[in-house]
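Report on the structure given below.
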Amino acid sequence: MLIGEYKTKLQEKNRTAIPKRFRDELEGQLIITRGYEGCLIVLDKSRWEKLIRLIETRPLTNQDVRNTKRFLVGGAAEIEFDKQGRFVLPDVLVEYAHFENELVFVGIENWLEVWDLEMWQTKIEQITESAADIADRLSSIAL
């Protein structure tokens, strides 16, 4: 299970490394793409294929389906590691996520989110401020 937060740096030429703890949990080829709310997401190939199958069950005639495919698939790249376990983030993803210097990898059970440190701090403050309201809304959802 992918859990926890790990800080790292964005190095020259957009290089970074997925924390070893997360690399050990993920299997085989990894995919990185745009995530929601300004982060990037990382999934292994099997989780990526499950996500794509879920999207493909919806009709292509639906604009939200097409836009979701554009957003996720159009921005996706396979991660190729060097001997030190680093990889190069594509420029388009660095620009999308507004990466500057410090990054945070966050394990969200089945995927990783990669955030610019300042954006993550802002996001977690927003979540913290509304945590009780979120819990109330979730408790009203029938299981």
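Not measured: the values here are computed from a predicted model.
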#### Entry: ILVMFWY cluster, Trp111 and Trp115 together (side-chain gap under 4.5 Å)
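Yes, it is one cluster - the side chains of Trp111 and Trp115 are joined through contacts under 4.5 Å.
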### Query
With the 4.5 Å side-chain cut-off for hydrophobic clustering, are Ile108 and Ile3 part of the same group?
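As far as the 4.5 Å side-chain criterion goes, Ile3 and Ile108 are not connected within one cluster.
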List the residues meeting side chain to side chain contact (heavy atoms under 4.5 Å, CB included) with [X], not counting sequence neighbours, and say none if there are none.
{"X": "Lys50", "answer": "Arg53"}
{"X": "Asp136", "answer": "none"}
{"X": "Gln63", "answer": "Arg66, Asn67"}
{"X": "Glu25", "answer": "Leu2, Arg21"}

### Task
Indicate the atoms forming the closest heavy-atom contact of Ala17 with Arg23, along with that distance.
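Looking at all heavy atoms of both residues, the closest pair is CB-NH1, 4.4 Å.
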### Task
Please report the closest heavy-atom contact between Ile18 and Phe81, naming both atoms and the distance.
CD1-CZ, 4.0 Å
Report the distance from atom [atom1] of [X] to atom [atom2] of [Y], rounding to the nearest 0.5 Å.
{"X": "Leu10", "Y": "Leu117", "atom1": "CG", "atom2": "CG", "answer": "12.5 Å"}
{"X": "Ile124", "Y": "Glu129", "atom1": "CD1", "atom2": "CD", "answer": "11.0 Å"}
{"X": "Ile52", "Y": "Thr57", "atom1": "CD1", "atom2": "OG1", "answer": "11.0 Å"}

### Query
What residues form a salt bridge (Lys or Arg N to Asp or Glu O under 4.0 Å) with Lys9, not counting sequence neighbours?
Glu102
### Task
Not counting sequence neighbours, which residues clear salt bridge (Lys or Arg N to Asp or Glu O under 4.0 Å) with Lys13? List them please.
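Salt bridge (Lys or Arg N to Asp or Glu O under 4.0 Å) list for Lys13, sorted by chain: empty.
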### Electrostatic pair Asp133-Arg137, nearest N-O below 4.0 angstrom
no
### Query
Are any of the side-chain heavy atoms of Leu26 and Leu112 separated by less than 4.5 Å?
yes
### Query
Hey, are the side chains of Phe105 and Thr16 touching, using non-hydrogen atoms and a 4.5 Å cut-off?
yes
### Query
Would you find more than 12 non-hydrogen atoms of other residues, nucleotides or ligands less than 6.0 Å from Gln126 atom CD?
yes
### Task
Flag yes if more than 12 heavy atoms outside Glu80 fall under 6.0 Å of its CD atom; otherwise flag no.
no
### Task
Scan for salt bridge (Lys or Arg N to Asp or Glu O under 4.0 Å) pairs involving residues 81-90, sequence neighbours excluded, and state none if there are none.
Asp82-Arg86
### Task
Provide the full list of salt bridge (Lys or Arg N to Asp or Glu O under 4.0 Å) pairs with a residue in residues 88-100, sequence neighbours left out, each pair given once.
none
Quiz: residues 31-49 side-chain donor-acceptor pairs under 3.5 angstrom, not counting sequence neighbours:
| unit_1 | atom_1 | unit_2 | atom_2 | d |
| --- | --- | --- | --- | --- |
| Thr33 | OG1 | Leu72 | O | 2.4 |
| Thr33 | OG1 | Ala76 | N | 3.4 |
| Arg34 | NH1 | Arg70 | O | 3.3 |
| Arg34 | NH1 | Phe71 | O | 2.7 |
| Glu37 | OE2 | Lys123 | NZ | 3.0 |
| Asp44 | OD1 | Ser46 | OG | 3.1 |
| Asp44 | OD1 | Arg47 | N | 3.0 |
| Asp44 | OD2 | Glu27 | N | 3.3 |
| Asp44 | OD2 | Arg47 | NH1 | 3.1 |
| Lys45 | NZ | Glu78 | OE2 | 3.4 |
| Arg47 | NE | Asn110 | O | 3.3 |

### Message
I'd like to check the side chain to side chain donor-acceptor pair (under 3.5 Å) partners of Glu5; sequence neighbours left out, ordered by chain and number.
### Response
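Glu5: side chain to side chain donor-acceptor pair (under 3.5 Å) contacts with Trp120.
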### Task
Run through the side-chain heavy atoms of Ile, Leu, Val, Met, Phe, Trp and Tyr, join any pair under 4.5 Å, and report what else lands in Leu60's cluster.
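In the cluster with Leu60 there is nothing else; it is isolated.
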### Message
Under the rule for ring pair (Phe, Tyr, Trp, His ring centres under 6.0 Å), what residues qualify as partners of Phe22, not counting sequence neighbours?
### Response
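With sequence neighbours excluded, Phe22 shows a ring pair (Phe, Tyr, Trp, His ring centres under 6.0 Å) to Tyr6, given in chain and number order.
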